[in-house]
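For the single chain, residues carry numbers from 1 onward in sequence order. Computed over heavy atoms, backbone and side chain alike; hydrogens, waters and symmetry mates excluded.
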Amino acid sequence: MSTMKTYAKQAKERMKNGFWQRAKEQLEEEKKVAATQGLDSVKVAQARHDMIVKQIYNQDEYVAEQQFYQKVVQIAESNQLIINPLQQLADHKAMQSMNAEQRQAYMLRLSAKYQEALEKYQNLKGKN
C-alpha cells in the first residue's frame with residue numbers, strides 16, 4: 001500500500017474513532033489546569049500539539065514516551081520511598097554495551113527526561 005493511502009486510511013480511522021474530539025477535550029482540560037496553576041496556556045497548547053504530531057507521524061517514539069511517563073507515574077504514586085528512580089527507569093541491557101562516558105551521558109539525559117515527566121505529572125495532578 002502506498003504511503004499516501006496509508007496516511008489517508010489512518011486519518012479516516014482517527015476521524016471515525018473520535019480522535020480529534022478527544023484531543024480537543026484533553027486540550028481544554030489541560031488549559032483549565034494550566035489556568036488554575038498560573039501556567040501559560042499557549043505553552044500547554046503547543047505541548048499538546050507537539051504530542052499529537054508525534055502520535056500521528058512518529059508512533060514508535062510516542063508509544064515509548066507514554067510508556068516512560070507511565071513508569072514515572074507508578075514511581076510517583078508508589079507508597080514506597082524510592083532512593084534512585086533512575087535505576088528503575090534505565091535500560092540496563094543497553095547500558096552494558098556503553099563505555100563510562102556514554103553511560104554518564106545516558107544517565108544525564110534520562111535524569112532530564114525523568115524530571116520533565118515528573119513535573120508534568122505534578123502539574124496535572126496539582127501537586128505543586
Search all heavy atoms of [X] against all heavy atoms of [Y] and return the closest pair with its distance.
X: Arg22; Y: Asn17; value: NH1-O, 2.6 Å
X: Gln87; Y: His92; value: O-NE2, 2.8 Å
X: Ala117; Y: Val72; value: CB-CG2, 3.9 Å
X: Ala76; Y: Leu118; value: CB-CD1, 4.0 Å
X: Asp91; Y: Tyr106; value: N-OH, 2.9 Å
X: Tyr69; Y: Tyr121; value: OH-CA, 3.3 Å

Any donor-acceptor N/O pair, Glu77 side chain to Gln74 backbone, under 3.5 Å | no
When you group the ILVMFWY residues by side-chain heavy-atom contacts below 4.5 Å and let the links chain together, are Val53 and Ile56 in the same group? yes
Tell me whether the count of non-hydrogen atoms from other residues, nucleotides or ligands lying under 6.0 Å of [atom1] in [X] goes above 12.
X: Lys71; atom1: NZ; value: no
X: Glu116; atom1: CD; value: no
X: Met15; atom1: CE; value: no

Nearest 0.5 Å, please: how far is [atom2] in [Y] from [atom1] in [X]?
X: Met107; Y: Met98; atom1: CE; atom2: CE; value: 10.0 Å
X: Arg14; Y: Tyr7; atom1: CZ; atom2: OH; value: 10.0 Å
X: Leu110; Y: Leu86; atom1: CG; atom2: CG; value: 5.0 Å
X: Lys113; Y: Leu108; atom1: NZ; atom2: CG; value: 14.5 Å

Check whether any side-chain heavy atom of [X] sits under 4.5 Å from a side-chain heavy atom of [Y], and report yes or no.
X: Trp20; Y: Ile52; answer: yes
X: Met95; Y: Gln102; answer: no
X: Val42; Y: Gln46; answer: no

Residues in side-chain contact (heavy atoms from CB on, under 4.5 Å) with [X], at least two apart?
X: Glu61; answer: Lys54, Asn58, Glu65
X: Leu27; answer: Lys31, Ala45, Arg48
X: Ala8; answer: none

Compute whether any side-chain donor of one residue and acceptor of the other, for Glu25 and Gln21, lie under 3.5 angstrom apart. yes
Identify whether the distance between the nearest side-chain nitrogen and carboxylate oxygen of Lys16 and Glu13 falls below 4.0 Å. yes
